[in-house]
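Here is the naming used below: chain letters follow the sequence lines, and residue numbers restart at 1 for every chain.
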There are 2 protein chains.
Amino acid sequence: MAIEAKFSKLGADDAPGQEVRQNAKDVELLLRGDTVPGRKVDFSHGDVDAHEPTPGAFDLFTTGVERGGCQAYTEYRGNLDIRALIAPRLADFTGAPVDADDGLIITPGTQGALFLAVASTVDQGDKVAIVQPDYFANRKLVEFFGGVMVPVQMRYDQSPEGEAGLDLDELEDAFKAGARVFLFSNPNNPTGVVYSAEEISRIAALGEKYGATVIVDQLYSRLRYTGASYTHFRAQAVNPENVITIMGPSKTESLSGYRLGVAFGSARIIARMEKLQAIVSLRAAGYSQAVLRGWFDEPAAWMEERIRKHQAIRDGLVDALRGIEGAFVRPSMAGSYLFPRLPDLSVSHSDFVKILRLQAGVIVTPGTEFSPHTANSVRLNFSQDHAAAVAAVERMAVLVERYRT
Amino acid sequence: MAIEAKFSKLGADDAPGQEVRQNAKDVELLLRGDTVPGRKVDFSHGDVDAHEPTPGAFDLFTTGVERGGCQAYTEYRGNLDIRALIAPRLADFTGAPVDADDGLIITPGTQGALFLAVASTVDQGDKVAIVQPDYFANRKLVEFFGGVMVPVQMRYDQSPEGEAGLDLDELEDAFKAGARVFLFSNPNNPTGVVYSAEEISRIAALGEKYGATVIVDQLYSRLRYTGASYTHFRAQAVNPENVITIMGPSKTESLSGYRLGVAFGSARIIARMEKLQAIVSLRAAGYSQAVLRGWFDEPAAWMEERIRKHQAIRDGLVDALRGIEGAFVRPSMAGSYLFPRLPDLSVSHSDFVKILRLQAGVIVTPGTEFSPHTANSVRLNFSQDHAAAVAAVERMAVLVERYRT
């Protein structure tokens, strides 16, 4: 049955947070030695207890509940007053206009925005250029809608500082082969690299040349570290009707529990996204939408402190990872991910991920979720308690030694 | 382009709540006389200000926020503690077991559950039996996934009290023609009729005979009026792996602003739904999920009062509608919808719906959303302020006279 094949491709067992549903029996036979004690750290997502939500978020929610019906039931694309409030802030941030009426939709998380954007641009048999490695859902979304993924390599482990390392020739080949949609995250998830101005401008030129639609997931673009220079794709010389930008207050701002995201840009695509949202989930939770009133309006000192703390954790983890012989890690320039490559082990890296959870209480996301070529890497969301995160990576180092070839 | 055709079918302009995006210019030429003054009533959805959320809902939300990370990030199918809490309540209510581990998923609204259930059972070219009239998204969902709708008529305007009037021969014909999925709402949206025990048992027998999957949307099944007898489909003698039941606390309980729904039953289908939820929106908003702790645990007197008030509004509106010569209305036995048929008018009924909004401040949903055969009907969600709703229907009656043939 075709539908069975479709869903068997949609594996979610290795997806972040789904470890609780795994059967660990097959790994138990491989275990060596005792557990390495320490506080459990779940690197599959950020710890919103260690890095609390934006101040005032809950009060905005409460005001939304008090507002009653008009906040519970909004247009499918979200409450107009809120769209009007955040559109100029997003325009300021990205350096290009945002039309609150027709060019912006509020979605249930950035995942919701990604789903709607891909569904609105990719049909059965359509070719879509996808970066490897990149956010695992990108590939799954394309496949779910019957699209054909055309992989484009990003050599983040070889490119100079300040560059992501996207193979632009491969991208052009993908367009030449018929791809008319290019979907990528910037900063890249899982590596935390940021595309250079030159890379963004060349992607834009290629997109224009082939009339492609470009969907840019900028979820982490506010959390940038010392030395990072960021170029917004939508501010390039491109046809704005061919660009969708996706962001959300869920990560940097620790507001994931409210499930909010936005997509902005092309009015034509956003009109489709709204039609689809009408049958997918109607709208982002009405009361939650009210929390967006505080977005891009956080106290400057609060945001600086959040970035400073994350940079310190990043540095601590990079040091610990560099202590593992044969491991490779590139410090992320933005976002809260590290994507270290581990040395060769006597067990498969996929089993090692399960062993890490069972013996060290350390949960990471396997590299195969992001690219078939990164099986020996693991993704760590380092938005964690600083000391606990460093201790967890130290436990990981102990287990690497124990299972080393 | 195929994708353009797909989205042009997905019209949302006439969908409830989307009136703000309509261009009314074309209707202005048809207007006769002055506006009929009165308090605006939006019958396209319930008024959660007139009928407030379940007591304690906001406190449960607050506790969820305080719980932090473990409530913000849950399994994609929802927090296990909450599933374990509500599964036995749903089993009690529906008269058949619910497996909290594998047989229940929490979704962003019942719309989210419907989307996932249809996506998990309907593939390109699959035939799906759909009732006419029924909830408008049912048809749109089938078409979006490339399925072929096989209509089955429900003659609610001719059937005796206590019966919905589904044409069971047509349903069997649909199965004979190859339909392997049957999707219907009970109580029916938009008519408010409830299927009799005999109808449910015959649908179950037909479903079994043809090995069909049955998706039952029971969103309004708690709001039942004097004399209504309700039969839960999932408690029939059917293979439980072929049945998905959908409910949610959004309507009767006025909790729409939290966007919550559940689907329960077939473990096989729910496993697919979870895989898909992982790329559609990850999960129902984490903090919102906490509100489900109070579901099916409301004070009995509160629920009785809610039902009593709605029954009184229903009766008031039925009286007012029966005062319109040539109109037909069947009192709903459950839920908060009425679906009156209006007499012939000198304008199209679709234009009349726009005129109603412009001249009387009365928003209703056009009958064409529910069936091509009910163009002269309109749907009213009567979960409104009692006096304002009756006054709004009286204004509608004034305009019917003004535009009568």
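For chain A, the option among B:S256, B:G109, B:S250, B:A57 with the highest count of heavy-atom pairs below 4.5 Å is B:S256. In terms of heavy-atom pairs under 4.5 angstrom with chain B, the leader among A:A137, A:G64, A:G68, A:P53 is A:G68. The most heavy-atom pairs under 4.5 Å with chain B, out of A:D49, A:L116, A:V48, come from A:D49.
Nearest heavy-atom pair across A:A119 and B:F144 is CB-CZ, 4.3 Å. Taking all atoms of both residues into account, the shortest heavy-atom contact from A:G257 to B:A72 is CA-CB, 3.7 Å.
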**Pair B:Y258-A:V65, side chain to side chain contact (heavy atoms under 4.5 Å, CB included): steps then yes or no** = CA-CA 9 Å; B:Y258 294 99; A:V65 173; 4.2 Å; yes
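The part of B:A284 that comes within reach of chain A is its backbone (N, CA, C, O), which places non-hydrogen atoms under 4.5 angstrom from that chain. Within the 4.5 angstrom heavy-atom criterion, only backbone atoms of B:V122 (N, CA, C, O) approach chain A. Both the backbone and the side chain of B:V280 come within contact range of chain A, each with at least one heavy atom under 4.5 Å from a heavy atom of that chain. The part of B:Q124 that comes within reach of chain A is its side chain, from C-beta onward, which places non-hydrogen atoms under 4.5 angstrom from that chain. Contact of B:S120 with chain A is made through backbone and side chain together, with heavy-atom distances under 4.5 Å. With a 4.5 angstrom heavy-atom cutoff, B:T62 touches chain A via backbone and side-chain atoms both. Residue contact with chain A, scored on non-hydrogen atoms closer than 4.5 Å, involves the side chain of B:F58 exclusively. Neither the backbone nor the side chain of B:L114 comes within less than 4.5 Å of any heavy atom in chain A.
Using a 4.5 Å heavy-atom threshold, the side chains of A:F115 and B:L282 count as separate. Proximity of A:L10 to B:R272: side-chain heavy atoms (C-beta onward) are nowhere separated by under 4.5 Å.
Side chain of B:R259 to main chain of A:S281: a donor-acceptor pair is present (N/O by atom type, distance under 3.5 Å, no hydrogens or angles).
Rounded to the nearest 0.5 angstrom, A:F145 CZ and B:I279 CD1 are separated by 6.5 Å. Note that CZ of A:R268 and CZ of B:F7 are 11.0 Å apart. Values are rounded to the nearest 0.5 Å. Between atom CG of residue B:L276 and atom NZ of residue A:K6 there is a gap of 8.5 Å, rounded to the nearest 0.5 Å.
Centroid-to-centroid, the aromatic rings of B:Y287 and A:F61 stay 6.0 Å apart or farther.
For B:E52, the CD atom sits in a loose shell: 12 or fewer heavy atoms of surrounding residues, nucleotides or ligands are nearer than 6.0 Å.
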